[in-house]
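Letters A, B, ... are given to chains in the order of the sequence lines, protein chains preceding strands, and every chain is numbered from 1.
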Amino acid sequence: MAESSPLDVARIRRDFPILSREVRGKPLLYLDSAATTQKPQVVLDALMDYYTHSNANVHRAIHTLGEEATAAYEGVRDKVAAFLGGVDRRGVVFTRNATESLNLVAYAWARPRLARGDEILVSEMEHHSNLVPWIEAARVTGAVVRTIPVTDEGLLDLDVYEELLGHHTKIVAVTHKSNVLGTINPVAEMAKAAHDVGAFVVVDGAQAAAHMPVDLNTLGADAYAFSAHKMLGPTGVGVLWARPEVLEEMDAFLGGGEMIREVHMDRATFNEVPWKFEAGTPNIAGVVGFGAAIDYLQALGMDKLNQHETQLTLYARDRLEEIGGLTLFGPRDAIHGGGIVTFWDKDVHPHDLSTILDTHGVAIRAGHHCAQPLMRRLGVVATARASFYCYNDRDDVDALVMALHECRKYFGHVS
Amino acid sequence: MAESSPLDVARIRRDFPILSREVRGKPLLYLDSAATTQKPQVVLDALMDYYTHSNANVHRAIHTLGEEATAAYEGVRDKVAAFLGGVDRRGVVFTRNATESLNLVAYAWARPRLARGDEILVSEMEHHSNLVPWIEAARVTGAVVRTIPVTDEGLLDLDVYEELLGHHTKIVAVTHKSNVLGTINPVAEMAKAAHDVGAFVVVDGAQAAAHMPVDLNTLGADAYAFSAHKMLGPTGVGVLWARPEVLEEMDAFLGGGEMIREVHMDRATFNEVPWKFEAGTPNIAGVVGFGAAIDYLQALGMDKLNQHETQLTLYARDRLEEIGGLTLFGPRDAIHGGGIVTFWDKDVHPHDLSTILDTHGVAIRAGHHCAQPLMRRLGVVATARASFYCYNDRDDVDALVMALHECRKYFGHVS
Amino acid sequence: MSLELDSMYREVVLDHYKQPRGRCPLDRHDIENEGFNPVCGDEVKIGLRIEDGIILGVHSLGRGCSISVASGSMLAEILQGKTLEEARSIAEDFRRMMHGEITPDEADLGDLEALEGVQKFPVRIKCALLPWTTLLDAIEAYERGARAEKSTTEDPQLGGRPGIVHKNDERRSV
Amino acid sequence: MSLELDSMYREVVLDHYKQPRGRCPLDRHDIENEGFNPVCGDEVKIGLRIEDGIILGVHSLGRGCSISVASGSMLAEILQGKTLEEARSIAEDFRRMMHGEITPDEADLGDLEALEGVQKFPVRIKCALLPWTTLLDAIEAYERGARAEKSTTEDPQLGGRPGIVHKNDERRSV
Ligand SMILES: Cc1ncc(COP(=O)(O)O)c(C=O)c1O
Ligand SMILES: Cc1ncc(COP(=O)(O)O)c(C=O)c1O
Ligand code: FES
Ligand code: FES
């Protein structure tokens, strides 16, 4: 009955040293990959290799270490460009995280272009990182943030979206995939409609880029942001992608070393893109480690990873629904989502759930998942979320379900 | 005759795995620590330990990994606070690098407070990272950047500084220690004068914090910026320090996860400091590694490190002067500088020098060192720079001198 | 289940959670304060009826996890009839117990002692303290003559989680 | 000294460096372009006197490292009397040789062949190319009818060092 997974999870797990640790005396069962993923040994090796062989500052050194460090760092830009469907490497800017990428666009592209009365459409399912930068940009410029609502099925209400779109719309900011509902939004379609009214489309790819194939040549996004740490890479590395022409038109953001061309005491000219947006010494080692993560993902195959997660998510939804007393959020439909199961136990507070699961070695997330407006829409303060990656399988889901039964027993609810 | 070093360099070198590598068939001699330092094994171990035992997102997780990651990350904030002379931990903000720290101040403190005609005093020896943010802030607000000049001795001209100070002066931006001249500026004295006219004092500590004891309780800086990678720590971690009250008064900078308190679709309230300035998932592993670097430096002793570097620098200046044909920049006086020797060979271009030295395994830096206005002041396009750290000793200086002799021979100048 | 867990979710704690005291809003309160834990979004409202410095009535409303609800319920029970001074001192003893600075034997905390086991789950300590921080801010506000104020839970000891450190150092006393 | 080094700093290269040709500014030039290498701050000015599509005079001014000066000197020497078309083709052959796409035998580059050894020092390749990129921009500008323009060195192959990639993809041909 169960489709077999396209991934060899048992073998994959052996690549992740942390998965053999114990938590409170139980083997770790990590179901919080939507927050951050664990790292395979090859990523750690790349970090170590960089620091023990080639560590130097990039771009300006003539010496061998500097040359090696620069080649390694810039080589990862090529890998990212290939990973995103074969885009121009000059469109790939390294940042700290998806959050910084989105702020970069809000500061350097949006703020100088927004005026009183302009509208920014932001969806109700956004992570705070794709909401607060727009609230702030609106506050400073007199623009207005308008909401693309979420339907009861956990999808964006595209009818309302179409109605909201108009000549006042300057920016559409939408997530490619929700970190709470797992919903994958129809970005291509939405971007087309936005471009028809001349709006700029900013897509939060923090969840999507990590879990499914993404082709930025066809997606229609004008800017796309994501984080390495959510896709097997080190912490402290993010990507902002935009077409080179867009980056060239944008104001500079952070000023300093690396991003300049000529500096006088009273004026400066800026470097070519993408370096214009990479001020100061970058997270060189982190970027190099990210390169190894991309190689690892490419070897797995993003389509296979996505298929694996979708199967696992459907299985998990079925099993969780059997428990009774749980409300599951987000669309069930595999076309619309995957990798994430968010739920709410009518009898046990999500944080109690999380604490009790932790004593079983099970790491899930409880809270608002940095999506407070969406929580309000769902009518809850906080929810519990289990999220999957290449190293999770059905056994993990079974263990989660068993632990949830124990929780409910613990609080005296026989389920 | 030679004072003995307070550091056991031979033992220290064994802690740095990269120092046993070869470059073009010669043992690596790394003299580019002012650009970025090498990393001791304990820092690499801390990174690995984090990733193989405690990797999780910080601050919001209830599970054990999240708790451990948060404790490790926040524990480093305490270490940094102690390292800076025992300041309030709430004043320590983690950024990507010194450059971002300085931009943060320029965006979130300065821009909202500057008006047409206000003046920003910036020294002529600044790194671009403490110059471009002020040029840009001035451009946007109508303020004016005025220059604190450098004397022929390579010191700041304090007479002119006093003259420039006035009620128009809103900000004084100055480096604690020059990355080209090695000059240590009298920040305490300058800050006192600046505060007398009500100006805000931003200090670039990228070189100073790495090489000498710094006590921010007495220095007089209102904001202080530096980078972990220049002090044995990982890439991708910077610090902005300011008094908590100053941080509280400041606008938010990047918006997103972690830095908020309550978010609605049209408004947000912000988290307490310092988290208000740490939007999105931070470079957790990098910060944890930085903690190990601080421990290592504290064990060496910053005063001993400084004394070691000062001795070494004096020795290097003497030896380089013997060569003939070289111009040495920066003050000789040990009170005024150390750790850096910048020079210019009248017969060999700095980049040729650097290439030839590289074939001897010697890594120095050639170029404008991100200080173009200072290059203009010195009347050169580029210079060569050798910089020292705890793992360098007189043998390194001797090897450098020998290699420089070879360079000059190569270009047909018998020296 | 684990021993650690049993020491946190003691019988008396679960009992308070399932049948919390102080859930009935006072007809009249002299001061009320709302506390907010930004980590989870939970909120608690502590209201006091005070006469001549004596607490005649308490309500402890809002929603939260078992630990915060149980702690709020115990608060409502224990404060009945206490002076503001005594309330402050209980709050302080409780904070010290939760940070392991004193053992339950060294204070007279009644049911609150059952919350000692929460220590093994550091991130949950602020759940236990939330009602008490909210109370202290209420008392402080009352003494300033105010009638309503917002607050967050705090935990300077634990240090460092977002939103759990107060601005004013005075407030660090709990 | 090292063999690698000797293959970069060949006798003929050092000779051009020490006695560069084209250092004397033309009395009259039809187009001049200034190239800038932001990595080191070095600058070169290439000026051409052109008649009927033939280069009658060249100057190669500015300051730089031995490699860029030698390359500029060779440029001044080799372009004398060439058509603009020939100049372009030499520039292209030189670029390809510097990126290892062809061997010196496969082109007729004269003294320029001596710069082949620079390949072993990748960051210095742009030094060798700087005068040639500057030249190509000058020719392009000339054909548009312009008279002066700024440029940077470029190196799309090497990819990725600041300031070495041009905006327009057309320019990527050298
Ligand atoms: C004096 C000075 N300021 C600022 C910086 C910038 O540091 P980072 O590149 O780490 O931001 C440097 C280092 O390059 C420096 O030496
Ligand atoms: C959908 C979404 N957007 C943005 C972010 C922010 O990512 P980061 O914290 O790496 O900046 C996240 C992760 O927390 C996310 O899930
Ligand atoms: S989880 Fe919200 S107060 Fe305990
Ligand atoms: S170093 Fe400047 S052109 Fe060669």
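- Taking the six-membered ring where the residue is Trp, the centroids of A:F411 and C:Y9 are separated by under 6.0 Å.
- When the salt bridge (Lys or Arg N to Asp or Glu O under 4.0 Å) test is applied to A:E126, no partner is found at least two apart in sequence or on another chain.
- Taking the ring centre of C:F121 as origin, the terminal cationic atom of A:R24 falls inside the region bounded by 6.0 Å and 45° from the ring axis.
- Along residues 104-114 of chain C, no residue comes nearer than 4.5 angstrom to chain A, judged on non-hydrogen atoms.
- In terms of the ring-ring contact (aromatic ring centres under 6.0 Å, His included) criterion, A:H127 has no residue partners (sequence neighbours excluded).
- Across all non-hydrogen atoms, the minimal contact from A:A386 to A:L400 is CB-CD2, 4.0 Å.
- Ranked by heavy-atom pairs shorter than 4.5 Å toward chain A, the options C:G64, C:G41, C:C65 are led by C:C65.
- With sequence neighbours excluded, no residue satisfies salt bridge (Lys or Arg N to Asp or Glu O under 4.0 Å) with C:R23.
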